[in-house]
Amino acid sequence: MSESAEWTLPGDADAVRDALVSWYETDHREFPWRRTDDPYAILVSEVMSQQTQLSRVEEAWDAFLDRWPTTADLAAADQSDVVGFWSRHSLGYNNRATYLHEAAQQVEEGEVGPTDRPHEDGEAVEAGGEFPETPAELSELMGVGPYTANAVASFAFDNGNAVVDTNVKRVLYRAFDVPDDDAAFEEAANELMPEGESRVWNNAIMELGGVACGKRPACDDAGCPWREWCSAYADGDFSAPDVPKQSTFEGSRRQKRGRVVGALREHGELELDELGPRVRVDYAPEGDGDGSREWLRGLVDDLADDGLVEVEDRADATVARLAS
DNA sequence: GTCCCGTACT
DNA sequence: AGTACGGGAC
């Protein structure tokens, strides 16, 4: 179903496909996670890569897998250690550390994947620990959406659909005038992907978006394999789909949340009035506005709702620590 | 200050 | 449909 026929793939689509795969196979960046087909290791790399410069991900990825080499290891870990690791490595979005931890537990408990099936009360449940292999099963994992599901299915099992991230959108938008519309991008991406070759294809098209067709295009320098078909190369219009604006981090609530997690990681447990000055230099317990004890209580309560922090009311004071 | 960016939640 | 979410690179 396509109400918008504004875009078309070139008539010789197979030549387009072959050109990209050949270009990728001739030369591409090397990343350690491209040398494994362990779905867990690939999931870790994808979750990290969603948010961080690839150079720093390499070191964090190695250290993470060294510490928790399997889903069983991660599932058994204290969540505070996982969040602490995430924070120490400046990986951002601490929620995703808890998602990854929960996803490992889902796999170990057999909640998802090939062993997933209804069972009666009292019946022995199948052991679990088998990693899901299809995009639909992978999507059941906490923190795994359409992009990550297809990336893991592709890179671990060569079993995915076309990935659609901002790199892919930009490439399709520029080269084939696919409109800035999620359904159109998904349709075009899947029409273009050679059947059953998701591993090499998704690697190749994201490499194209990262190396040749970035925000600043490098068509000739990167030897873009699609120049002869590319609409943007022909008319010089290298505009890209709109990306949502980022609110400023300095002074933001996100910054204060990060400081709470950092302080609790460092000290283990703190009373609110010990935590406050580490979050805002102008912390002033009395009152009810920003920077007050009441404000801080609201902040740590939200972190508790997110599963990142534990808050305990004692007779004399309220204490906070990273969630175990 | 701007950019990066997929997912969960409302 | 819109918003929250981290912190480093530039």
Side-chain angles (χ1 to χ4, degrees), chain A residues 42-61 64 82-103 106 112 135-136 138-155 160-171 173 180-183 185-186 189 202 205-206 209-211 213-217 239-266 278-279 298-309 322-323:
Chain A
I42 290 169
L43 175 63
V44 172
S45 80
E46 289 300 333
V47 172
M48 289 182 174
S49 301
Q50 285 166 16
Q51 57 204 6
T52 307
Q53 283 74 18
L54 260 30
S55 55
R56 267 189 307 130
V57 168
E58 293 201 30
E59 184 188 340
W61 184 77
F64 193 99
V82 184
V83 172
F85 176 100
W86 213 258
S87 175
R88 273 195 307 281
H89 286 79
S90 300
L91 288 168
Y93 297 111
N94 295 311
N95 264 330
R96 299 195 180 174
T98 70
Y99 293 165
L100 208 44
H101 186 229
E102 182 172 340
Q106 287 178 284
V112 296
L138 285 158
S139 296
E140 296 176 31
L141 295 174
M142 192 62 185
V144 174
Y147 166 77
T148 308
N150 282 314
V152 175
S154 297
F155 304 146
N161 301 308
V163 298
V164 180
D165 69 351
T166 57
N167 285 313
V168 172
K169 289 181 183 179
R170 188 173 55 247
V171 167
Y173 182 88
D180 187 357
D181 173 273
D182 285 348
F185 284 130
E186 186 183 339
N202 285 324
I205 195 165
M206 288 198 290
V211 170
C213 201
K215 190 181 172 68
R216 298 276 326 263
S239 56
D242 287 331
V243 270
K245 295 247 179 291
Q246 168 85 17
S247 55
T248 59
F249 178 64
E250 188 62 31
S252 69
R253 177 183 180 79
R254 297 205 313 278
Q255 181 186 43
K256 304 302 185 295
R257 286 170 53 106
R259 286 184 182 168
V260 169
V261 170
L264 298 180
R265 186 234 308 159
E266 187 178 351
R278 299 176 177 281
V279 176
L299 195 62
V300 296
D301 280 346
D302 282 353
L303 284 161
D305 287 343
D306 288 344
L308 285 160
V309 163
L322 288 186

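This structure is a prediction, so every number in the text was calculated from the model and none was measured.
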**Study point:** Euclidean distance for P, B/dC5 against C/dC10 (whole angstrom)
**Key:**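 One P to the other, the span is 14 Å.
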
Whole Å only: how far is the [atom1] atom of [X] from the [atom2] atom of [N]?
{"X": "A/Arg254", "N": "C/dG8", "atom1": "CZ", "atom2": "C1'", "answer": "13 Å"}
{"X": "A/Gln50", "N": "C/dC5", "atom1": "CD", "atom2": "P", "answer": "17 Å"}
{"X": "A/Phe249", "N": "C/dG6", "atom1": "CZ", "atom2": "C1'", "answer": "5 Å"}
{"X": "A/Arg253", "N": "C/dT3", "atom1": "CZ", "atom2": "P", "answer": "16 Å"}

Point to revise | Residues A/Arg257 and A/Asp302 bridged, charged N to O under 4.0 Å | key: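 Looking at A/Arg257 and A/Asp302, the cut-off is not met.
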
Check your understanding: Under 4.0 Å between a Lys/Arg side-chain N and an Asp/Glu carboxylate O for A/Lys169 and A/Asp180?
Key ->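 No, A/Lys169 and A/Asp180 are not salt-bridged.
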
Exercise for review: For A/Leu141 and for A/Lys215, find the nucleotide of DNA chain B with the closest heavy atom, then tell me which residue's nucleotide is more 5'.
Suggested key: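 Mapping each residue to its closest nucleotide by heavy atoms, the 5'-most match is A/Lys215.
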
Check your understanding: Looking for any heavy atom pair under 4.0 Å, which part of the strands does A/Val144 touch: base, sugar-phosphate only, or nothing?
Key ->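 Result for A/Val144 = sugar-phosphate.
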
Review point. If you look at every strand shown and take non-hydrogen atoms under 4.0 Å, does A/Asp165 touch a base, only sugar-phosphate, or nothing?
Key: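 Sugar-phosphate, backbone atoms only, no base.
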
OP1 or OP2 of [N] less than 4.0 angstrom from a side-chain nitrogen or oxygen of [X], does that happen here?
{"X": "A/Arg257", "N": "C/dC5", "result": "yes"}
{"X": "A/Thr166", "N": "B/dC5", "result": "yes"}
{"X": "A/Thr148", "N": "B/dT7", "result": "yes"}

Review point. Excluding sequence neighbours, so at least two apart, what forms ring-ring contact (aromatic ring centres under 6.0 Å, His included) with A/Tyr173?
Key: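 Per chain and number, A/Tyr173 pairs via ring-ring contact (aromatic ring centres under 6.0 Å, His included) with no residue.
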
Practice item. Would you kindly say whether A/Gln50 and A/Tyr147 are connected by a side-chain donor-acceptor distance under 3.5 Å? Key: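 The answer is no; no qualifying pair exists.
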
